[in-house]
Amino acid sequence: MQDSANSLTMDGYSSNVPAFLTKLWTLVEDPETNHLICWSTNGTSFHVFDQGRFAKEVLPKYFKHNNMASFVRQLNMYGFRKVVNIEQGGLVKPERDDTEFQHLYFLQGHEHLLEHIKRKVGTEFQLHLLF
Amino acid sequence: MQDSANSLTMDGYSSNVPAFLTKLWTLVEDPETNHLICWSTNGTSFHVFDQGRFAKEVLPKYFKHNNMASFVRQLNMYGFRKVVNIEQGGLVKPERDDTEFQHLYFLQGHEHLLEHIKRKVGTEFQLHLLF
Amino acid sequence: MQDSANSLTMDGYSSNVPAFLTKLWTLVEDPETNHLICWSTNGTSFHVFDQGRFAKEVLPKYFKHNNMASFVRQLNMYGFRKVVNIEQGGLVKPERDDTEFQHLYFLQGHEHLLEHIKRKVGTEFQLHLLF
DNA sequence: GGCGTTCTAGAATATTCGTGG
DNA sequence: ACCACGAATATTCTAGAACGC
C-alpha cells in the first residue's frame, strides 16, 4: 500500500492524488468488503455498514489505525459530507448500522475525478501564502 | 442523528431544509398515518388526531422522543401556530381529540416552500450577526 | 431514568447535577456492565472496553443515541480528558479495545463531588454573564 | 511542507422543563 | 387553562489544534 502523495497507482500511471483518496476508492470498490463498505445504488455516495466491524476489520488493512472517528475526520478534511437519512434518528432503530458519505467528485466509474478533491488547509493565517 | 441542513432527501437531491421539516412533511404526507396526522381539507394546515396515540406510536419513528409537547415546541420554533377552534370552552367535550397547526409556507403540493420556513434563533445577543 | 437536572437521585436527596453525570456515574458503578465500562483500579478514572458493543448495547439504555462519538462529546463538554496509554501506536494490536477517561471530580466513592463538575458554555460572548 | 492520527471544541438543531402573558 | 417562548442540556456533524512523519 502506497503512503505517498505522489504515487504510482495500481494502474501504473503517476498521479497527485493523496493516499487517503486512492485507499478510499480501493476500499469502496473492493468486492471483498462490500458487506461493510460499498457504493450506493446510483454510485454518488458510499455506505459503511456496522461501524464497529468496519473499524476493526477493514481500516487497519489500509491505515495506521482502527478508529471510525479518524476515518471520519479524514473524510471531512477532504470535503466529504455525511448524508442524513430521515429514516434514522427515531427512538426505535429498525435500521441496520448504516453511515453514508458523499462528495461531488467521488463518483463510481469516474476515478479520474479524484484529482479534484482537495484537502482543506488550516484556517490560521497562512503567512507563506503571501509569497 | 444529524439533523443537519445539508442533507440529501429521499428523492436524492440536495436541500437546506432542517430535518424537522422534512420529517414533518413526510409524516403529514404518509397515507399510513392519515388517521393520526394528515393535511386539512384545503391543504393549508394539518391535523393531529388522538395526541396520545400519535405521540406514542408515530413520533418515536422519526424523533428521539415520544412527547407531544416536544413536537409542539419544535413547531413553534419554526413559526407554526396552533389553529384555534371555536368549539372549545364547553364543559362537554364532544369533539374528537383534534389539534391543528398552520404555517404560511407549509402547503400541500408545495414542498419547495419548506425552504422558506426558518428556525428561530436565540434572543441572547448574537455577536456574529453584527459582522 | 430521570433526565432532569433538578431531580431526585436514587438515594432520594435533591441535587443540581445534570442528567449526564448521574447517568455516567450509574453506568460506571453498575456491576452488570463492568465488562464494558468500569472504574479503574484506583478509582480515579473509568474504562470503556469494546467501543462497538458499548455503544450499541449500553448507551441506548441511558441516552437517546447509540454513538460513541456523542458520548465522548458529552465527556469533553464536562471537562473529562482522555487518558492516553503508552501502549498505543504499534501496528500490531495486542491490547484490547480500551478507552480511558478521567476528571478531577469523578472519583469512586465520592459521588457528592459530581456537583463540582461544570458543563462548558458556548464561547460566543455571553452577554448575560456581564450582569 | 503536506499528510495522517488523535483529542477536543464549534456550531446548529433537538429535547426537556418551566414560566409568563 | 392554554399557548408561545426562554433557557439549559443533549445529539449530531464538522472543524481546530497539536504532534509525528
Side-chain angles (χ1 to χ4, degrees), chain A residues 3-6 16 18-21 23 59 62-67 69-84 88-89 91 99 101 118-124 126 128, chain B residues 1-7 18-21 23 59 62-67 69-84 88-89 99 101 119-124 126 128, chain C residues 2-7 16-21 23 59 63-67 69-84 88-89 99 101 119-124 128:
Chain A
D3 279 293
S4 166
N6 293 307
N16 288 320
F20 174 76
L21 294 175
K23 290 179 179 179
L59 286 180
Y62 292 83
F63 306 100
K64 293 182 171 54
H65 66 81
N66 57 3
N67 310 306
S70 295
F71 181 64
V72 173
R73 186 71 191 87
Q74 282 281 70
L75 288 171
N76 284 326
M77 284 292 291
Y78 282 95
F80 284 77
R81 310 297 293 239
K82 184 164 184 171
V83 178
V84 180
Q88 341 251 57
L91 279 182
T99 311
F101 280 93
K118 298 303 180 187
R119 193 178 198 266
K120 298 179 181 178
V121 295
T123 52
E124 286 185 57
Q126 304 288 323
H128 62 83
Chain B
M1 166 69 32
Q2 169 58 315
D3 297 291
S4 159
N6 291 315
S7 59
F20 175 76
L21 295 176
K23 290 178 179 179
L59 287 181
Y62 291 85
F63 305 100
K64 291 182 184 302
H65 65 80
N66 54 7
N67 310 304
S70 295
F71 180 64
V72 173
R73 185 71 191 86
Q74 281 282 70
L75 288 171
N76 285 326
M77 284 293 290
Y78 283 94
F80 284 77
R81 309 301 293 244
K82 183 166 184 172
V83 178
V84 182
Q88 320 284 27
T99 311
F101 281 93
R119 194 177 201 269
K120 299 178 181 177
V121 295
T123 53
E124 269 194 58
Q126 304 289 323
H128 66 276
Chain C
Q2 260 295 2
D3 279 294
S4 168
N6 291 309
S7 60
N16 288 319
V17 177
F20 175 75
L21 294 175
K23 290 178 180 180
L59 286 180
F63 307 100
K64 293 182 187 298
H65 66 81
N66 58 2
N67 309 306
S70 295
F71 181 64
V72 173
R73 186 70 192 88
Q74 281 282 68
L75 289 170
N76 285 326
M77 283 293 288
Y78 282 95
F80 284 76
R81 310 300 292 243
K82 185 165 186 174
V83 179
V84 181
Q88 323 281 28
T99 311
F101 281 93
R119 193 175 202 270
K120 298 178 183 179
V121 295
T123 53
E124 276 193 58
H128 61 85

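The structure presented is a predicted model; accordingly, all values stated were derived computationally and were not measured. Chain naming here is simple, since letters A, B, ... match the order of the sequence lines and numbering starts at 1 in each.
Judged by atom type and distance alone, C:Arg73 reaches the base of D:dG10 through a side-chain donor-acceptor pair under 3.5 Å.
Atom-to-atom, CG of C:Leu59 to P of E:dA10 comes out at 14 Å; the value is rounded to the nearest Å. The separation between A:Leu91 atom CG and E:dT11 atom P is 11 Å, rounded to whole Å. Rounded to a whole Å, the CG atom of B:Asn76 is 16 Å from the P atom of E:dA7. In this structure, A:Lys23 places its NZ atom 10 Å from C1' of D:dC3, rounding to the nearest Å. Distance NE2 (A:His65) to C1' (D:dC7): 14 Å, rounded to an integer number of Å. Look at CE on A:Met77: it is 10 Å from C1' on D:dG2, rounded to the nearest Å. Between the P atom of D:dA12 and the NZ atom of B:Lys64 lies a distance of 21 Å, rounded to the nearest Å. Nucleotide D:dG2 holds its P atom 14 Å from the CG atom of A:Asn16, rounded to whole Å.
Heavy-atom minimum distance, B:Lys64 versus A:Leu91: C-CG, 3.5 Å. A:Asn67 and A:Leu59 make their closest contact through O-CD1, 3.5 Å (heavy atoms, listed as atom of the first residue, atom of the second, distance). Residues C:His65 and C:Ser70 come closest through the heavy atom pair CE1-CB, 3.5 Å.
Using bins of under 30°, 30° to 60° and over 60° for the plane-to-plane angle, the ring pair B:Phe63/B:Phe20 lands in the tilted bin.
The side chain of B:Ser70 approaches D:dT16 more closely than any other nucleotide in the set E:dC3, D:dT8, D:dT16. The listed nucleotides are D:dT5, D:dA14, E:dA10; the one nearest the side chain of C:Phe20 is E:dA10. Checking E:dT9, D:dT8, E:dT14 against the side-chain heavy atoms of C:Tyr78 singles out E:dT9 as nearest.
Backbone-only contact: C:Arg81 has heavy atoms under 4.0 Å from sugar-phosphate atoms and none from a base. The residue A:Phe71 sits apart from the nucleic acid: no heavy atom pair falls under 4.0 Å.
A search for ring-ring contact (aromatic ring centres under 6.0 Å, His included) contacts involving B:Phe80 returns B:His103, B:Phe106, not counting sequence neighbours. In terms of the ring-ring contact (aromatic ring centres under 6.0 Å, His included) criterion, A:Phe101 has no residue partners (sequence neighbours excluded).
Neither OP1 nor OP2 of E:dT11 sits under 4.0 Å from any side-chain N or O of C:Asn67.
Both key distances under 3.5 Å define a Watson-Crick or G-U pair, and stretches of 3 or more such consecutive pairs in DNA chain D run D:2-21 with E:2-21.
To the nearest 0.5 Å, atoms CE (A:Met77) and NZ (A:Lys120) are separated by 8.5 Å.
Toward the 5' end of DNA chain E, the nearer of the two residues C:Lys120 and B:Phe80, judged by each one's closest nucleotide, is B:Phe80. Of the two residues contacting DNA chain D, namely B:Ala69 and A:Arg119, the nearest-nucleotide position lying further toward the 5' end is that of A:Arg119.
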